[in-house]
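Side chains are part of it too, since the values below use all heavy atoms of this structure and drop only hydrogens, waters and symmetry mates.
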Amino acid sequence: MLQNPVFQLEIKHFRQLVVLAEEGSIRAASRKLRISQPALSRSIRSIEDKLQAKIVERGPHGVTLTHYGEILRGYGRIIDANVRFASEEFEDHRGSRSGSIRMGIGPYEGFTIVHRAIDRMRKRRPDLEVTILEGDFGSLSEKLLAGQIDLILGPTPVDENTPGLTGQILAHTRPVLVVRSSHPLTPEKIDMHTLAASNWILSVEGTNARKWIGEVFGRHGLPPPKGPISAYPSMTALAMVKEMDLIALLPRQLVERDISEGLLRTLPTGDEEFVLPVRLTTREFGVLSPVNRQMIAELKQVCKEIGDQL
């Protein structure tokens, strides 16, 4: 039986394609890889000879990967992640207190859960490096599958059967509806029909958070509310809701101070109307590094301790 030509490739080949795609030129990629330009060009030709397929397109503005090159690049990112995990596990057995975590989070978890878990991790590992990316499940799941991040906490996919990913619900968060104090809506005027007809600050069209809001109103036979402003639930949304007659759904921890100072007030809703699952998502295959496994344990512990406050 003939050996699959992909098996003839080395880890360095995958790494080279990842860097080449990121840098867009042989010169920049060779500099980052710390090899000469001729050596990198020879390596690319070697890959193409082994696979009998064109991997790189050269043009007047640099190089791009072909479809075959993009396939290898995708797996190269996963290989990079696993090599990093292996290195960190090796160092962990030597007593290292460092490590790195690359985490994706949703619109509410940074204000409620993640900062507590990171604080605990930093006390255990003073040299820990943490990278946080905020976003919707769609964009974050692509990065997770590509090995660009290690785990996701927060966004729950509308379709939970995403190939290659696995998840579990750790808690439920109950963000609050807030308006500025001078907003004409009053508690006695609030019902789902009124909310559906009001102006909101909503998550960007097409995101799961936006779809989730639509599902809440759909259960009442109502159309989803409209903007006119779309923004990620953050400090920007908080600033806007304090200046305009808009409704925003924000983490209670983010708005507590403004409520106590009389700048904002909450709108009453049914206790279970706006409840969002907090979901931990990881890649289905492979082993996470020790520091990532510890981070997951801390996230679970925080959710257990403050679940009723979310």
Contacts of E284 that satisfy side chain to side chain contact (heavy atoms under 4.5 Å, CB included) - sequence neighbours left out: none
Step-by-step side chain to side chain contact (heavy atoms under 4.5 Å, CB included) determination, M295 to D150: CA-CA 11 Å; M295 183 64 177; D150 306 326; over 6 Å; no
H193 atom NE2: more than 12 heavy-atom contacts under 6.0 Å: no
Verdict with reasoning, V176 to L249, per side chain to side chain contact (heavy atoms under 4.5 Å, CB included): CA-CA 5 Å; V176 292; L249 187 66; 5.8 Å; no
Flag side-chain contact, heavy atom, 4.5 Å: P225 against F217: yes
Set of residues satisfying side chain to side chain contact (heavy atoms under 4.5 Å, CB included) with respect to T166, sequence neighbours excluded: T282
Backbone N/O of S98 and side chain of R125: donor-acceptor pair under 3.5 Å: yes
Side chain H183, main chain L185, donor-acceptor under 3.5 Å: yes
Exercise: do D191 and T194 side chains pair donor with acceptor under 3.5 Å: yes
Any pair counted as side chain to side chain donor-acceptor pair (under 3.5 Å), so long as it reaches residues 62-72, sequence neighbours left out: E70-R73
Taking every non-hydrogen atom, the tightest pair across S100 and V291: O-CG1, 3.4 Å
ring-ring contact (aromatic ring centres under 6.0 Å, His included) involving F14 - partner list, sequence neighbours excluded: none
From CG (D127) to CD (E129), nearest 0.5 Å: 8.5 Å
Within residues 109-119 or reaching into it, pairs that qualify as side chain to side chain donor-acceptor pair (under 3.5 Å) - sequence neighbours excluded: D119-K123
Side chain to side chain contact (heavy atoms under 4.5 Å, CB included) between L202 and I229, worked out: CA-CA 6 Å; L202 293 169; I229 295 175; over 6 Å; no
Under 3.5 Å: donor-acceptor pair, side chain of R265, backbone of I259: no
Side-chain heavy-atom pair L170, R279 within 4.5 angstrom cut-off: no
Residues which pass side chain to side chain donor-acceptor pair (under 3.5 Å) with R120, listed by chain and number, not counting sequence neighbours: E305
Heavy-atom donor-acceptor pair, R283 side chain to L165 backbone, under 3.5 Å: no
Residues in salt bridge (Lys or Arg N to Asp or Glu O under 4.0 Å) contact with D258, at least two apart in sequence or another chain: K242
E142 side chain reached by Q148 side chain, heavy atoms, under 4.5 Å: no
Contact summary for L65 and A21, nearest pair of heavy atoms: CD1-CB, 3.7 Å
Partner set under salt bridge (Lys or Arg N to Asp or Glu O under 4.0 Å) for R34, not counting sequence neighbours: none
Flag side-chain contact, heavy atom, 4.5 Å: Q168 against T281: no
Donor-acceptor contact present, side-chain Q301 to main-chain I296, <3.5 Å: no
Salt-bridge present (R257, E261; N to O < 4.0 Å): yes
Greater than 12 external heavy atoms within 6.0 Å of I11's CD1: no
Salt-bridge contact E243-R180 (side-chain N to carboxylate O under 4.0 Å): no
Side chains of L264 and S181 in contact at under 4.5 Å (non-hydrogen atoms): no
Those residues that, when tested against K226, pass side chain to side chain contact (heavy atoms under 4.5 Å, CB included) (two or more places apart): none
Stepwise side chain to side chain contact (heavy atoms under 4.5 Å, CB included) test for V63 and L20: CA-CA 8 Å; V63 297; L20 187 59; 3.5 Å; yes
Backbone of E10 reached by a side-chain donor or acceptor of H13 within 3.5 Å: yes
Basic-acidic side-chain contact under 4.0 Å: R31, E23: no
Partners passing side chain to side chain donor-acceptor pair (under 3.5 Å) against S141 (at least two apart in sequence or in another chain): none
I132: partners by side chain to side chain contact (heavy atoms under 4.5 Å, CB included), with sequence neighbours left out: M103, I105, V114, I118, V130
Side-chain donor-acceptor pair present, Q37, S30, cut-off under 3.5 Å: no
Selection residues 49-62 - residue pairs positive for side chain to side chain donor-acceptor pair (under 3.5 Å), sequence neighbours left out: S46-K50
More than 12 heavy atoms from other groups under 6.0 Å of CZ on R27: no
